[in-house]
Amino acid sequence: MARRAAILSGLLLALAIPLTAAAADRDPYASTYRAADAPATLIVGATVLDGLGARLEGHDVLVERGKLVAIGRALPRPPGVRVIDAQGAWLTPGIIDVHTHLGTFAQPYEHGAHAFADVSETSRPDSADVWIEHAIRASDPAFLHALAAGVTTLQVLPGSSSVIGGRAVVLKPIPATTVAAMKFPGAPQGLKMACGSNPSLSAEGRPGFPDSRMGVVAHLRDLLAQASARMRSGKRAAMPDLAQDTLAMALRGELQIHLHCYRADDIATILAVADEFGLRIAAVHHATEAYKIPDRLREHGACAAVWPDWWGFKREAEDGIRENAAFVDAAGGCAILHSDIPVLGNLLHVETAKAAAAGRRAGLDIPSEHAIRWITSNPARALGLDDRIGRIVPGYNADLVLWSGDPLLVRSRVRLVMMDGVVQIEDGQRPQADFELGRRAMEPGP
């Protein structure tokens, strides 16, 4: 009887129509991104790391109409194809950064100066109704710096000052005037949540509830309980409730949930709350103690998006270790390297190299073809885009990076960046943002 009641309850929740479904389910700010036309391109003789764990020596990759068409040795050359000689070079999927605040965090950032950052709505403990894309300045030079470093997809998240921080957006870091022109077409939106000290203590003196860890959990449970009850009721409201509509989409699995959380006990608590309400967390971000609970993350299906060596900069990070990503991976979990700050967005291949080296020192076998997944196919999974990007297989978007050597060696440099079959970066040259015009450009590396 109890099992039958649980199944019935689940069906009712899944079939319930939110009160403002028309407003909730469509994106009124749709992408206007269109890839430019590009000739068919054949990359010849590369060492290919396919994002699935394989290393393919001396392989060719054919790109047509923005898609990967064929991978193999000595592929035929269609008439009019552009041939890129990649002998001695390494080819990877485009890098994917799941955690940035580009376009919303002005650099340099003066702490406490709200006018210089639009990353968080700090006036209330939950802001499920805000969308970070409404605060992004597309002309931030950091987007093009990331592109020049091989990043072809990135997610901009709201900050962590609120229990529910608002909706995230997935972008292509191309020269653009508007955010709409950068939005990844058809990408699921993300929803930012936070636990631990940030949502309870970091909002610069925000009064009221919650002001403790237990208060954060109680507030999250209350929000989810209200949204669940509203969905089950089936009643239509006279006016839209944008926050409730967002939570309803999250409960229906239509938003990718990204959780800011450091400590193992905090992560386990929020995963238990998520299980209580049938909510699936796509990735736990920062997660400096993920190595303590990799089995719990794996059971829930959550990735751990981490740094290789950030520890001790705050109390929550005091037990971080360099082997974090490697240990999560070794336990069968989904490990990701992320940036959070702009400078690291240009160095994600180096961050991956550091994380893999720490794992190897601990006795794990982590070749480059395996570790590259931490910045390609694994983050694609967390964004709900693993059927389109993050791998070099036929049918996927032609987002590619050609490196002078093994991308996990510090001396390797980006030779070419392709997005949807269009070459965006070649031979160290990159487009300049408006703010950089008239300034001396940084000289490309050797």
Side-chain angles (χ1 to χ4, degrees), residues 33 49 51 92-105 107 119 132-133 136-138 140-160 168-174 176 179 182-184 187-190 192 256 258-260 282-287 303-310 324-325 334-356 371-386 388-391 397 399-401 403 407-408 414 417-420 424-425 430:
Y33 167 82
L49 307 185
T92 70
I95 294 174
I96 303 167
D97 192 350
V98 298
H99 190 123
T100 83
H101 301 294
L102 301 189
T104 62
F105 248 131
Q107 296 292 319
V119 71
I132 193 64
E133 66 189 80
I136 294 172
R137 191 170 195 178
D140 183 349
F143 286 118
L144 301 185
H145 294 179
L147 176 64
V151 176
T152 55
T153 304
L154 56 82
Q155 178 173 237
V156 181
L157 290 158
S160 52
V169 64
V170 179
L171 302 178
K172 294 173 176 284
I174 58 169
V179 172
M182 302 171 70
K183 288 180 70 170
F184 194 119
Q189 284 182 302
K192 177 70 174 292
Q256 299 293 111
H258 297 273
L259 172 67
H260 161 112
V284 181
H285 293 235
H286 311 329
C303 297
V306 303
W307 302 288
D309 51 11
W310 283 38
N324 194 8
C334 171
I336 295 171
L337 274 297
H338 68 342
S339 69
D340 194 18
I341 62 174
V343 66
L344 291 186
N346 308 340
L347 297 167
L348 281 179
H349 62 295
V350 177
E351 296 287 277
T352 303
K354 291 191 292 185
I372 201 69
R373 301 185 310 163
W374 301 347
I375 50 173
T376 57
S377 55
N378 284 2
R381 165 185 160 181
L383 295 180
L385 291 169
D386 50 338
R388 298 172 63 180
I389 58 174
R391 306 175 184 183
N397 291 6
D399 292 358
L400 300 168
V401 185
W403 306 81
L408 302 193
V414 171
V417 179
M418 178 181 288
M419 186 187 301
D420 292 316
Q424 301 284 343
I425 304 291
R430 67 168 178 82

Q: Tell me whether the rings of W307 and H338 are parallel (<30°), tilted (30 to 60°) or perpendicular (>60°).
A: tilted

Q: Distance from L49 atom CG to W403 atom CH2, nearest 0.5 Å?
A: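 The CH2 atom of W403 is 10.5 Å from CG of L49, to the nearest 0.5 Å.
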
Q: Quick check: does any side chain N or O of K192 sit under 3.5 Å from a backbone N or O of P158, one acting as donor and the other as acceptor?
A: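 It does hold such a pair.
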
Q: Over all heavy atoms of both residues, which pair between P173 and M182 is shortest? Give the atoms and the distance, please.
A: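 Of all heavy-atom pairs spanning P173 and M182, the closest is CA-CE, 4.1 Å.
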
Q: Rounded to the nearest 0.5 Å, what separation is found between the OG1 atom of T153 and the CG atom of L147?
A: 10.5 Å

Q: Just verifying a value: how many Å separate I174 CD1 and M419 CE, rounded to the nearest 0.5 Å?
A: 6.5 Å

Q: Apply the test side-chain contact (heavy atoms from CB on, under 4.5 Å) to residues T352 and I372: give CA-CA distance (whole Å), side-chain angles for both, the deciding distance (0.1 Å), then the verdict.
A: CA-CA 7 Å; T352 303; I372 201 69; 5.7 Å; no

Q: Once you round to the nearest 0.5 Å, how far does CG of L154 lie from CD1 of I95?
A: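 The CG atom of L154 sits 11.5 Å away from the CD1 atom of I95.
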
Q: Give a yes or no answer on whether the side chain of D97 reaches the backbone of S339 with a donor-acceptor pair at less than 3.5 Å.
A: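 Answer holds: yes.
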
Q: Where is the tightest heavy-atom contact between P379 and I336, given as atom of each residue plus distance?
A: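 P379 and I336 have their closest heavy atoms at CA-CD1, 3.7 Å.
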
Q: Determine whether L157 and H285 make a side-chain contact, defined as any pair of heavy atoms from C-beta on separated by less than 4.5 Å.
A: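 The answer is yes, as the side chains (C-beta and beyond) meet within the 4.5 Å cut-off.
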
Q: For H258 versus A282, what's the shortest heavy-atom pair and its separation?
A: CE1-CB, 4.5 Å

Q: Going by heavy atoms in the side chains, are V401 and P407 under 4.5 Å from each other?
A: no

Q: Given V169 and Q155, is the side-chain contact (heavy atoms from CB on, under 4.5 Å) satisfied, shown in steps?
A: CA-CA 6 Å; V169 64; Q155 178 173 237; over 6 Å; no

Q: Tell me, do F184 and L383 make a side-chain contact under 4.5 Å, heavy atoms counted?
A: no

Q: Closest heavy-atom contact between G51 and T376?
A: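 Smallest interatomic distance, heavy atoms only, reads CA-OG1, 3.9 Å.
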
Q: Calculate, to the nearest 0.5 Å, the distance between atoms CH2 and CD belonging to W374 and E351 respectively.
A: 12.0 Å

Q: Spell out, as yes or no, whether a donor-acceptor pair under 3.5 Å connects the side chain of D386 to the backbone of R381.
A: no

Q: Evaluate the side-chain proximity of L171 to V179: yes if any heavy-atom separation is below 4.5 Å, no if none is.
A: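 Yes, close enough: below the 4.5 Å cut-off.
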
Q: On a heavy-atom basis, which atom in A380 and which in I96 lie closest, and how many Å separate them?
A: CB-CD1, 3.7 Å

Q: Between L102 and P342, is there a side-chain heavy-atom distance shorter than 4.5 Å?
A: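 The answer is yes; the side chains approach within 4.5 Å.
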
Q: What is the distance from atom CD1 of I425 to atom OG1 of T152, rounded to the nearest 0.5 Å?
A: 11.5 Å

Q: Run the side-chain contact (heavy atoms from CB on, under 4.5 Å) test on H349 and T92 for me, step by step, so that the C-alpha distance in whole Å, both residues' side-chain angles and the decisive distance to 0.1 Å come before the verdict.
A: CA-CA 11 Å; H349 62 295; T92 70; over 6 Å; no

Q: Could you go step by step and tell me if K172 and D399 meet the side-chain contact (heavy atoms from CB on, under 4.5 Å) rule?
A: CA-CA 10 Å; K172 294 173 176 284; D399 292 358; 4.3 Å; yes

Q: Looking only at heavy atoms, what is the nearest atom pair of V98 and A305, with distance?
A: CG2-CB, 4.0 Å

Q: Answer yes if the side chains of H101 and H99 hold a donor-acceptor pair under 3.5 Å, and no otherwise.
A: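 Side chains of H101 and H99: pair found under 3.5 Å.
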
